Amino acid sequence: MAEPGGLEGRFNSGGNAPEQPAPWQDYQTVFTNAKAGMEGVDKEHVQRVVYEMSKDSAHFKNEQRKAVALEAKMARMRERSAALTPAELAAAARSVDARIASLEARRDLSRTWLHADMDCFYAAVHELERPELKSLPMAVGGIGMISTANYVARKFGVRSAMPGFIAKRLCPQLVFVPLDFPRYTAAAERVRAVFAQFDPAFESGGLDEAYLDITDYCREAGCSGEEAAAELRRRVREATGLTCSAGVAANRMLAKARARAEGICSDINKPDGQYVLPHSRAAVISFMDTLPARKIPCIGRVTESLLRGVLDVSTCGQLLGPQRARLPLLFSDTSAAFFLEAALGIAPTRHPPKVDTSVEPGRKGMSCERTFRAMRDAAAQEEMARQLVDSLAADMASEGLEGRNITLKLKLSTFEVRTRAATLPRHARCAADMLPAVLRLLRAEMPVELRLMGVRMAALRKHPDAELVH
DNA sequence: GGGTTCTGGACAG
DNA sequence: TTCCACTGTCCAGAACCC
Ligand SMILES: Cc1cn([C@H]2C[C@H](O)[C@@H](COP(=O)(O)OP(=O)(O)OP(=O)(O)O)O2)c(=O)[nH]c1=O
Ligand SMILES: [Mg+2]
């Protein structure tokens with residue numbers, strides 16, 4: 001998204017706290033971002049435990065390597081920013097302002113969007129069948145990795161994407177429940193049946209969330225977005241026993257950001273909530289003004305720190321401030337355009353056209369990867385490749401797909417990731433047609449000590465004699 | 001100049 | 001089969017093609 005760039009030293013040259021932070025305070029992992037369920041958590045304690053359990057690991061070394069690379073990129077962008085001339089900045093400001101004006105002229109506040117997100121989804125599904133788990137700290141996943149945790153566990157600082165052994169240290173009584181995708185899929189189906197009542201064309205993002213254009217529903221039911229959200233949550237609870245949170249606003253991005261601002265993903269834990277952003281330009285502008293840029297979907301940890309480190313920007317309002325002229329000069333055209341639209345609170349208000357999945361693959365790629373105990377043995381690695389290719393081929397067959405571009409993914413014991421791709425002479429459908437290329441790619445990397453191997457097929461198409469599934 | 005392929009990486013859930 | 005996952009999308013930059 002972002003790219004090397006230049007700088008503007010005066011904005012952040014001397015702004016650091018005088019006291020040196022303890023090393024664990026400096027360890028910015030994904031867990032340092034507060035999330036739903038984190039109220040009343042001793043964040044310092046959590047951060048210290050995470051740091052102590054990480055600091056001597058290969059994983060930690062790799063994180064440091066990435067941090068150094070990010071720092072270097074930031075330094076290049078600062079330099080470039082500092083080198084910008086007043087003439088360049090003035091010209092850029094004119095074009096940015098023209099773009100803002102034209103975006104503003106086409107702002108569409110006529111639609112009503114709802115973003116729905118299930119609360120603690122995987123954990124809630126398990127609690128449905130085993131109610132006794134509700135009062136126990138529980139995490140879904142294993143000792144290696146946690147997918148999500150219930151509210152009791154979150155109070156201990158346990159959260160998504162946290163390795164289980166660290167979570168166990170934070171909360172020794174933690175109960176682990178293994179992943180059970182068939183259950184989540186079944187629950188998602190029931191939830192989606194409810195979503196369809198409000199918008200038959202709803203778009204799901206993963207198993208547990210969806211974007212709904214409820215404009216038509218509201219008109220037909222003669223209700224407000226707020227009332228529709230309450231009704232949707234009521235029907236979801238009635239049909240599934242699960243709770244969800246909803247954001248309502250004039251477009252999809254705002255609907256999600258509105259909920260993220262104080263519900264999901266916020267410091268305050270508010271499950272089963274709904275959040276409405278009024279359809280007025282003033283409301284949108286004032287909401288965006290103080291909204292942390294990080295709350296915008298697509299602005300992650302890295303982009304957030306680039307914006308802060310290079311431009312001293314942390315809110316959407318600041319994105320539109322004096323620094324706006326630097327955006328197109330420091331970031332790619334697409335990134336800069338995206339930042340502007342996002343900061344203005346502008347996003348698509350219509351569903352994209354549907355693709356016919358009986359003709360189109362319905363996806364761009366399909367992959368399969370596995371983590372295992374460090375492995376050096378070449379024969380064992382080749383056997384692993386065979387297994388992965390077998391299961392990939394089986395997955396592709398289940399959707400009647402064949403592909404022409406195969407990628408081998410390796411994660412070394414050092415956590416360094418390598419991908420090696422090959423374009424096949426013709427589309428491959430069965431494992432036997434994929435394996436030779438995969439083995440060739442693998443052998444070219446040997447000797448290596450691996451902790452993960454994966455295979456991915458792209459350039460997909462539906463093969464001619466594919467049966468239409470149900 | 002354009003296109004394509006390959007690689008690494010950000011992001012999301 | 002584990003002491004930091006797995007699946008999928010998109011993008012930028014480099015290398016290579018014409
Ligand atoms: C964030 C995340 C989620 N998941 C899975 C587990 C989650 O239950 C499911 C939905 O993700 P989320 O909606 O991000 O989380 P959640 O539903 O568990 O909790 P919240 O109440 O805050 O919405 O996706 C992962 O497997 N890995 C991840 O890193
Ligand atoms: Mg959720």
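Predicted model, so just to flag it, every value in this text is computed and none were measured. Below, chains carry the letters A, B, ... as their sequence lines are ordered, and counting in each starts from 1.
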Are any protein N/O atoms closer than 3.5 Å to N/O atoms in nucleotides 5-9 of chain C? If there are, list each pair with its distance.
{"unit_1": "C/dA5", "atom_1": "OP1", "unit_2": "A/Arg451", "atom_2": "NH1", "d": "2.9"}
{"unit_1": "C/dC6", "atom_1": "OP1", "unit_2": "A/Thr371", "atom_2": "N", "d": "3.2"}
{"unit_1": "C/dC6", "atom_1": "OP2", "unit_2": "A/Thr371", "atom_2": "N", "d": "3.2"}
{"unit_1": "C/dC6", "atom_1": "OP2", "unit_2": "A/Thr371", "atom_2": "OG1", "d": "2.4"}
{"unit_1": "C/dT7", "atom_1": "OP2", "unit_2": "A/Glu369", "atom_2": "N", "d": "2.7"}
{"unit_1": "C/dG8", "atom_1": "OP1", "unit_2": "A/Arg363", "atom_2": "NH1", "d": "2.4"}
{"unit_1": "C/dG8", "atom_1": "OP1", "unit_2": "A/Arg363", "atom_2": "NH2", "d": "3.3"}
{"unit_1": "C/dG8", "atom_1": "OP2", "unit_2": "A/Ser367", "atom_2": "N", "d": "2.7"}
{"unit_1": "C/dG8", "atom_1": "OP2", "unit_2": "A/Ser367", "atom_2": "O", "d": "3.4"}
{"unit_1": "C/dG8", "atom_1": "OP2", "unit_2": "A/Ser367", "atom_2": "OG", "d": "3.3"}
{"unit_1": "C/dT9", "atom_1": "OP1", "unit_2": "A/Lys364", "atom_2": "N", "d": "2.9"}
{"unit_1": "C/dT9", "atom_1": "OP2", "unit_2": "A/Gly365", "atom_2": "N", "d": "3.2"}

Checklist entry - Among pairs that include at least one residue of residues 403-414 of chain A, which meet salt bridge (charged side-chain N to carboxylate O under 4.0 Å, His left out), considering only residues two or more places apart or in two chains? => result A/Glu369-A/Lys409
Item to check | Gap in Å between the two C1' atoms, one belonging to C/dC6 and one to C/dT2, rounded | outcome: 14 Å
Next on the checklist: Please give the distance between the P atoms of C/dA5 and C/dC10 as a whole number of Å.
Outcome noted: 24 Å
Checklist entry - Can you list every ring-ring contact (aromatic ring centres under 6.0 Å, His included) pair that touches residues 383-414 of chain A, not counting sequence neighbours? => result none
Checklist entry - Which range-with-range stems can be found for DNA chain C when each stem has 3 or more Watson-Crick or G-U pairs in a row and both distances sit under 3.5 Å? => result B:1-13 with C:6-18
Checklist outcome for this item: Separation of C/dT1 atom P from A/Met384 atom CE, nearest Å, is 10 Å
Checklist outcome for this item: Residues of residues 433-449 of chain A with a heavy atom under 4.0 Å from any atom of DNA chain C, listed by number, are none
Next on the checklist: Please enumerate all residues that pass side-chain contact (heavy atoms from CB on, under 4.5 Å) together with A/Asp356, with sequence neighbours excluded.
Outcome noted: A/Ser358, A/Val359
Checklist entry - Going by heavy atoms closer than 4.0 Å, what residues in residues 198-211 of chain A are next to DNA chain B? => result A/Asp208, A/Glu209
Would you list the protein and nucleotides 1-5 of chain B atom pairs, both N or O, that sit under 3.5 Å from each other?
none

Checklist outcome for this item: Across all chains, not counting sequence neighbours, the side-chain contact (heavy atoms from CB on, under 4.5 Å) partners of A/Ala428 are A/Leu424, A/Asp433, A/Met434, A/Met457
Checklist outcome for this item: Contact check, residues 180-189 of chain A vs DNA chain B, heavy-atom distance under 4.0 Å, returns none
Item to check | Residues which pass side-chain contact (heavy atoms from CB on, under 4.5 Å) with A/Arg235, listed by chain and number, not counting sequence neighbours | outcome: A/Val194, A/Gln197, A/Phe198, A/Tyr217, A/Glu231
Item to check | Nucleotide C/dC3, atom P - distance to CZ of A/Arg373 in whole Å | outcome: 7 Å
Checklist entry - Does anything in residues 343-352 of chain A reach DNA chain B, meaning a heavy atom under 4.0 Å, and if so which residues? => result none
